[in-house]
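Convention: sequence-line order gives letters A, B, ...; per-chain numbering from 1.
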Amino acid sequence: MVESFNAAVYQVVQRIPAGKVATYGQVAALAGNPHSARFVGYALHSNPSPGVIPCHRVVFRDGSLAPGFAFGGPDRQRGLLEEEGVLFIPPVSGHRNAGDPGWCVDMEHCQWQA
DNA sequence: AGATTGACCCAAA
DNA sequence: TTTTGGGCCAATC
């Protein structure tokens with residue numbers, strides 16, 4: 001593997017099946033850097049690769065979305081995920097909700113398992 | 001050319 | 001229980 005960490009991230013994200021979602025940590029680990037979840041999000045933010053990367057399938061560990069989504073807003077993302085069959089659930093108390101207090105992905109049933 | 005920030009996640013104090 | 005710090009790579013100023 002000689003491709004940059006960035007490229008590895010893109011490969012993993014594209015590998016996520018429809019109707020499933022992966023977390024930044026999950027993608028980072030599959031990319032080969034379990035301790036670099038930060039750069040996963042940054043890679044997508046900086047180099048969305050000609051729109052080939054389904055960033056909307058990448059969510060927080062809690063199931064919420066990144067604060068600065070780039071597809072047109074978090075609303076757009078929820079619609080896309082729902083279209084693919086991802087289940088959404090209201091914010092669960094006792095869980096870390098980081099950014100979007102609106103809706104969270106049902107990680108219990110929709111998290112992508114490599 | 002060098003320094004800083006940036007879509008995160010986990011562990012320890 | 002909450003808060004702080006650490007860890008990594010790449011792009012941008």
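When heavy atoms are screened at a 4.0 angstrom cut-off, A:Tyr24 is found touching base atoms of the nucleic acid.
Remark: the separation of the P atoms in B:dA7 and C:dC13 is 14 Å, to the nearest Å. Nucleotides B:dT4 and C:dG6 place their P atoms 16 Å apart, quoted to the nearest Å.
One can place NE2 of A:His35 at 10 Å from P of B:dC10, the figure rounded to the nearest angstrom. Look at CD on A:Gln26: it is 17 Å from P on B:dC8, rounded to the nearest Å. Between A:Glu3 atom CD and C:dC9 atom C1' the separation is 15 Å, expressed in whole Å. Distance A:Gln77 CD to B:dA7 P: 15 Å, rounded to the nearest Å. Taking atom CZ of residue A:Phe39 and atom P of nucleotide C:dA11, one finds them 12 Å apart after rounding to whole Å. Between the OH atom of A:Tyr10 and the P atom of C:dC9 there is a distance of 15 Å, rounded to whole Å. To the nearest angstrom, C1' of B:dC8 lies 14 Å from CG of A:Leu65.
Hydrophobic clustering of Ile, Leu, Val, Met, Phe, Trp and Tyr side chains at less than 4.5 Å, counting indirect connections, keeps A:Val12 apart from A:Tyr42. Tracing side-chain contacts under 4.5 Å through hydrophobic residues (I, L, V, M, F, W, Y), one reaches A:Phe5 starting from A:Leu30; they form part of the same cluster. Linking Ile, Leu, Val, Met, Phe, Trp and Tyr whenever their side-chain heavy atoms come within less than 4.5 Å puts A:Leu81 and A:Trp103 in one cluster.
Partner of A:Cys55 under the side chain to side chain contact (heavy atoms under 4.5 Å, CB included) criterion, out of A:Val58, A:Val59, A:Ile53: A:Ile53 alone.
Closest of all the heavy-atom pairs between A:Tyr24 and A:Gly41 is CE2-CA, 3.4 Å.
Of the listed nucleotides (B:dA7, C:dA11, B:dC8), B:dC8 has the atom at the smallest distance from the side chain of A:Arg38. When the nucleotides C:dC9, C:dT12, B:dA7 are ranked by their closest atom to the side chain of A:Asn33, C:dC9 comes out on top. The A:Ser36 side chain lies nearest to C:dC8 when the options are C:dC8, B:dC9, C:dA11. Side-chain atoms of A:Leu44 lie closest to B:dA7 of the nucleotides B:dA7, B:dC8, C:dA10.
The side chain of A:Arg61 places an N or O atom within less than 4.0 Å of a non-bridging phosphate oxygen (OP1 or OP2) of B:dC10.
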